[in-house]
Colleague: 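Just dropping this structure here.
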Number of protein chains: 2
Amino acid sequence: MSTTEYGQYFKALRESKGLTLRNVEKITDISNAYLSQLESGKVKQPSPNNLYKLSEAYEVPYETLMGKVGYPIPNGGDTSSERSKSAEVSNKLGEISSDEEIELLQYLKFIRNRK
Amino acid sequence: MSTTEYGQYFKALRESKGLTLRNVEKITDISNAYLSQLESGKVKQPSPNNLYKLSEAYEVPYETLMGKVGYPIPNGGDTSSERSKSAEVSNKLGEISSDEEIELLQYLKFIRNRK
DNA sequence: AAGCGTTGCTAAATATACCAAGCAAGCCAC
DNA sequence: GTGGCTTGCTTGGTATATTTAGCAACGCTT
């Protein structure tokens, strides 16, 4: 199944914000070691508590992260698959795939780093 | 320590429905052994996946169970007095400025055209 | 070059979710 | 009573979430 490891998503998110692993550790109290494993796909289901902290640090909706890692989310059905009929909160950019998401985050990092 | 004995809550829920541990096991695919531990307070943070199954079996809102065991729930109402500081609307990419938004849209177009 | 702080990462260890197997007590038929 | 069936429960084990300690490569500054 879509092996689009969400680890890369987390990594791209962090880098787009210009944060280091130890930066995030400081903010969230999650060890940098664990964060590294998270980003390299060695963790399957991080606890909701940690997802919540990360959602704050990265300023993305908690629900989004819950869905990303495969937990059921309160209002809709499943996620992880892009064919969901869910009226997913439209992003300002319109519908984007997981792969595009990562690329956009990487580009965002580039944008913010120049100048 | 929270001493939050939600175990008794689960037990009361099950009994109110006239279900046995093995009944619930059949329905949810959660072992009766585990269910027993859950109800006797030997489990601290059951996975959202299992909470979801239980919410279906017991016909209570998923969010309610999430809150019961101490997980943050999507719309505020956390156990700890945490009130959202602001309703920042964020998307999967985190906060982005208008200028960035435009650039991202252009880049998205580029991405999609390069096939 | 040598040292120093930073970065991401890994290995080993601990904690805990969860299951398979089984046990003791209850209940109802024979 | 004895046997079978059901109940809740415990014990031992496996898997996995998470941390502590450390390491190697990098960039600085001197």
Side-chain angles (χ1 to χ4, degrees), chain A residues 1 3 5-58 62 65-72 80 102 105-106 109-110 112-113, chain B residues 1-58 62 65-72:
Chain A
M1 317 266 288
T3 321
E5 292 303 351
Y6 54 78
Q8 304 177 29
Y9 168 71
F10 280 110
K11 180 166 189 171
L13 245 191
R14 175 176 60 82
E15 291 182 337
S16 81
K17 294 235 156 217
L19 296 171
T20 85
L21 290 179
R22 280 173 178 80
N23 265 340
V24 179
E25 168 172 9
K26 196 85 177 176
I27 299 175
T28 62
D29 256 328
I30 299 171
S31 76
N32 69 77
Y34 182 62
L35 291 169
S36 175
Q37 293 174 45
L38 221 208
E39 294 182 357
S40 64
K42 279 161 193 157
V43 175
K44 297 173 185 170
Q45 306 244 71
S47 80
N49 300 300
N50 283 338
L51 289 182
Y52 185 75
K53 290 179 187 169
L54 289 174
S55 78
E56 284 187 318
Y58 297 153
Y62 173 44
L65 299 191
M66 291 286 284
K68 276 280 181 200
V69 309
Y71 287 141
S80 78
I102 292 176
L105 283 170
Q106 289 167 343
K109 172 188 178 187
F110 164 72
R112 289 171 172 164
N113 273 8
Chain B
M1 312 231 299
S2 48
T3 321
T4 324
E5 285 307 344
Y6 52 79
Q8 313 183 22
Y9 167 73
F10 280 110
K11 182 165 188 172
L13 248 189
R14 176 176 58 83
E15 292 180 338
S16 80
K17 293 243 159 210
L19 295 172
T20 101
L21 290 179
R22 281 174 178 80
N23 261 339
V24 178
E25 168 172 10
K26 196 84 176 179
I27 299 176
T28 62
D29 256 328
I30 300 172
S31 76
N32 67 80
Y34 183 62
L35 291 170
S36 175
Q37 292 172 39
L38 223 208
E39 295 184 356
S40 62
K42 279 161 192 158
V43 175
K44 296 173 184 172
Q45 306 245 73
S47 81
N49 300 301
N50 282 337
L51 288 181
Y52 184 75
K53 290 178 186 169
L54 289 174
S55 78
E56 284 186 318
Y58 297 153
Y62 172 44
L65 299 190
M66 291 286 283
K68 276 285 181 198
V69 308
Y71 288 141

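Since the model is a prediction, treat every value here as computed from it, not as a measurement. Basis for what follows: all heavy atoms, side chains included, without hydrogens, waters or symmetry-related copies.
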Colleague: Rounded to whole angstrom units, what separation is found between the NZ atom of A:Lys44 and the C1' atom of C:dT16?
Modeller: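 Spelled out: NZ on A:Lys44 to C1' on C:dT16 is 16 Å.
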Colleague: Which heavy atom of A:Gly70 sits nearest a heavy atom of B:Asn49, and at what distance?
Modeller: O-OD1, 3.7 Å
Colleague: For the residue pair B:Tyr62 and B:Tyr52, does the interplanar ring angle fall in the parallel (under 30°), tilted (30 to 60°) or perpendicular (over 60°) class?
Modeller: perpendicular
Colleague: Figure out the CZ/P separation between A:Phe10 and C:dG8, and round it to whole Å.
Modeller: 16 Å
Colleague: Does A:Lys53 make a side-chain N or O approach to OP1 or OP2 of D:dT18 shorter than 4.0 Å?
Modeller: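 It does not, given that no N or O in the side chain of A:Lys53 lies less than 4.0 Å from OP1 or OP2 of D:dT18.
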Colleague: Need one value for B:Ser31: base, sugar-phosphate or nothing, where a base atom within 4.0 Å counts as base even if backbone is also close, heavy atoms only.
Modeller: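 It contacts base atoms.
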Colleague: Across the strands shown, which category fits B:Asn49 at heavy-atom distances under 4.0 angstrom: base, sugar-phosphate, nothing?
Modeller: nothing
Colleague: What nucleotide among D:dA17, D:dT10, D:dT20 has an atom nearest to a side-chain atom of B:Ala33?
Modeller: D:dT10
Colleague: To the closest 0.5 Å, what do you measure between CD1 (B:Ile30) and OG (B:Ser47)?
Modeller: 7.5 Å
Colleague: Do the side-chain N or O atoms of A:Arg22 get closer than 4.0 angstrom to the phosphate oxygens (OP1, OP2) of C:dG5?
Modeller: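 No, A:Arg22 has no side-chain N/O under 4.0 Å of OP1/OP2 on C:dG5.
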Colleague: Answer yes or no on whether A:Lys17 is positioned over the face of A:Tyr58, meaning its NZ or CZ is under 6.0 Å from the six-membered ring centre and within 45° of the axis.
Modeller: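 Geometry flag: not set, cation outside 6.0 Å or 45°.
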Colleague: Measure the distance from CD on B:Gln45 to C1' on C:dC18 and round it to the nearest whole Å.
Modeller: 15 Å
Colleague: Would you indicate, yes or no, if C:dC9 has its OP1 or OP2 atom less than 4.0 angstrom from a side-chain nitrogen or oxygen of A:Lys11?
Modeller: yes
Colleague: CG of A:Leu38 versus P of C:dG8: gap in Å, rounded?
Modeller: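 To the nearest whole Å, that distance equals 14 Å.
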Colleague: Looking at B:Ser47, I'd like to know whether one of its side-chain N or O atoms comes within less than 4.0 Å of OP1 or OP2 on C:dC18.
Modeller: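 So the side chain of B:Ser47 is within the cut-off, an N or O lying under 4.0 Å from OP1 or OP2 of C:dC18.
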Colleague: Which whole-number value in Å describes the distance from B:Leu35 CG to D:dT7 C1'?
Modeller: 14 Å
Colleague: For D:dT10 and B:Lys42 - does any side-chain N or O of the residue sit under 4.0 Å from the phosphate oxygens OP1/OP2?
Modeller: yes
Colleague: Select base, sugar-phosphate, or nothing to describe what A:Thr20 touches, counting heavy atoms under 4.0 Å on all strands.
Modeller: sugar-phosphate
Colleague: Nearest whole Å is fine: how far is C:dG5 C1' from A:Asn23 CG?
Modeller: 14 Å
Colleague: Evaluate B:Leu38 against B:Leu54 for side-chain contact (heavy atoms from CB on, under 4.5 Å), listing each step before the verdict.
Modeller: CA-CA 11 Å; B:Leu38 223 208; B:Leu54 289 174; 3.7 Å; yes
Colleague: So which nucleotide from C:dC18, C:dA17, C:dG8 ends up closest to the side chain of B:Asn50?
Modeller: C:dC18
Colleague: Could you tell me the separation between the OH atom of B:Tyr71 and the P atom of D:dA17, rounded to a whole number of Å?
Modeller: 11 Å
Colleague: Please report, rounded to the nearest Å, how far the C1' atom of C:dT6 is from the CG atom of A:Leu21.
Modeller: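 Whole-Å distance recorded here is 11 Å.
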Colleague: If each of A:Asn32 and B:Gln37 is mapped to the nucleotide of DNA chain C with the nearest heavy atom, which maps nearer the 5' terminus, i.e. the 5' end?
Modeller: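 Counting from the 5' end, the first nearest nucleotide belongs to A:Asn32.
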